[in-house]
Amino acid sequence: MASKMHVSTSKARWLILLAAAAFAQPALADIEFRHALDDSVLDLAPIKGEEITDAVKAFRKDGVNPYSGSADALAAGKTLYEENCQACHLEDGRGGMGPSLVDNVYVNSRANTDVGIFEIIHSGASGAMRSFSERGVTQDQILKIIAYIHSLKK
Amino acid sequence: MRMRFIMSASILAAGLLMTGSVVSLAQEVPKTADQVARPGGKLPGDPKIALVKVADGFLDPVGVASARDGTGRIFVVERQGKIKIVTKDGKVNEKPFLDLTKNSPLGSEVQTGFVEQGLWAVAFHPKFKENGHFFVSYASLPFNGAHIIARYTVDPANPDVVSVEHANKTVKVIMNIPQPYYNHYGGGIQFGPDGNLYIGKGDAGWEGDPLDAGQSKNMLWGKMLRINVDTADDVAYTIPKDNPWAGAYQDRMMTLFGITEEGFSKIHMGARGEIWSYGLRNPYAFHFNKKGDLFIAEVGQNHLEEINWQPASSKGGENYGWKHNMGTNCHPMTGPDDKCPIVGVLPAAEYPHQEPYPGAEKLKDGWGCSVMGLGVADYAGLDGAYLTGDWCSGRVFATGWDGSKWQLQELAQTALQFTAGNNDEDGTVLAVNCNCFYLDDKGAAANPPGALWRIVPADKVPAGAEVAKTKK
């Protein structure tokens, strides 16, 4: 606590600006999700029939996937992965027509975070990596897919 | 001595003034692997482009063409078997121009079971305005996936809709090429400046050309074909007399003596007269420029995509090397330093897949997996460069001659999954993209719709236009 008393004037001004900016944001969109290719802001409006779950709300706030390591979510994620991802990235994620999901070569530089992976699955990246939101995959399902992809990295 | 030096220097300077700052060389097919252009190249003036949306809502658009009849209509080919008209003001006509999904009581005319199957292309007769003939290229459902090229004729009373009845009344089958496997059809068709119909014919599928089709001149697979379609109604097509093997296959009396070796070499028993060039894997799209040069976007196998260039002066007969080579690579490729002879002619340009050879470190830039020819750009400073779009990586590459060598410049990385392109009547390059899958495809009408784009100079984007997402 004491250290806070010793911040320089310029840093204090910066913190005030930062706090002001944070208050200006709508409550739900604490993290700004952007398109992997051109950094344009993503439209995260729910698709037809989609419910924005608590898990999605929490993820949008802090970028932490609440489904990480959850057995139920991993099982659901596996099914979703098989339906939507496996054709190009193969069953173990090593990549085929699409890039590997389990190595450390990131075609899109932000794909090393869950937020970045979410952005790419939701709104697509380039070429054959299309938007899965447009294909009817919900944001809650995307979080389950991400949790499953991490479980493949072993 | 000194005088001579000054004189020769001034002659050299005059030469430079006449030719510009760099001595120009005549455009030619690369003779050695190091002359083949690769990603990282730069075209003179560093041209910049943008993709502007013309229209959307197309189900798996995989082809596009202009009728070049002055109407400004653009014809977008949907894989399911429909051709849609985009009017001059960018509206999509509700009724399709042609609907092959409804012309048979047994169901669709078009086989779409695999994503490489479907209706691929439309090409309008050079005298379409007078005779109303247009040609389509597709995988046939009744003929179990065979590749059919057929001619239809527009009803002058109804120029925007060829009704099922009128289609069935006017159809003339030009070719029916059997297809053993469900991939590598090729499928693109174009009229050349010589008035002949050119057909991009894939090696018939599987992988690695198991039928050795590319190198076998007794097969139509793995070739560029060239036929004359201006024939009597009861003659499907004829073989142009100047095709390289037009008469090489004819039965003849055998003579063994008094013939030169060169004379013997012109006998190719069994060679198909329709063949224009060979050694191709999957030439889905190809385009001519105004001079009559031909660019072929040749879809490669595991590691490389290639762009071939054939000068207008060619008499045909080029061997593009498949399956002995893919671009400058050996096939099968086993490592980075494979050594093998280059068979036939080299491409003008090539670009790698993310894994450029087996076990290679994965590339982060400059890669693709399936090259789609879009068209020749004579604007935006591109000076006749050939534009291609990659299905996997969304990259738009330009293949062009810089005055002394070939260059392959990446113009943009877009979010688009390119499927095809063509030149509009005014020369503008058009492109279409799908939102489709290669594997696990759910059907030709099941994917989110794709769109039609116009490639424009980056500084000529109309106000308010929707521009394709591009990597910054």
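Per chain, numbering begins at 1; letters A, B, ... match sequence-line order.
- The greatest number of non-hydrogen atom pairs below 4.5 Å with chain A, out of B/A446, B/C369, B/C392, B/G368, is found for B/C392.
- Using non-hydrogen atoms only and a strict 4.5 Å limit, no part of residues 70-81 of chain A faces chain B.
- Atoms OG and CG, from A/S131 and B/N435 in turn, are 7.5 Å apart once rounded to the nearest 0.5 Å.
- Residue B/Y182 qualifies as open at atom OH: its count of foreign heavy atoms under 6.0 Å is 12 or below.
- The closest side-chain heavy-atom distance from A/M97 to B/W391 is below 4.5 Å.
- Taking a 6.0 Å sphere around NZ of B/K460, one finds it holds 12 or fewer heavy atoms contributed by other residues, nucleotides or ligands.
- Side-chain contact between B/P448 and A/R130: absent, with no pair of heavy atoms (C-beta onward) separated by less than 4.5 Å.
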For this session: Using the side-chain contact (heavy atoms from CB on, under 4.5 Å) rule, take B/K471 and A/N108 through it: C-alpha gap first, then chi angles, then the decisive distance, then the call.
Result: CA-CA 10 Å; B/K471 191 174 183 176; A/N108 293 284; 5.8 Å; no
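- The heavy-atom pair separating B/K469 from A/S40 by the smallest distance is NZ-OG, 2.8 Å.
- Note: B/N447 leads B/N447, B/N302, B/L363, B/N433 in heavy-atom pairs under 4.5 Å with chain A.
- Contact between A/L37 and B/A415 at its shortest, heavy atoms only, is CD2-N, 3.2 Å.
- No part of A/Q86 comes within reach of chain B, as not one of its non-hydrogen atoms sits under 4.5 angstrom from that chain.
- Among pairs with a residue in residues 354-373 of chain B, those fulfilling side chain to side chain donor-acceptor pair (under 3.5 Å) read A/D103-B/K362, at least two apart in sequence or across chains.
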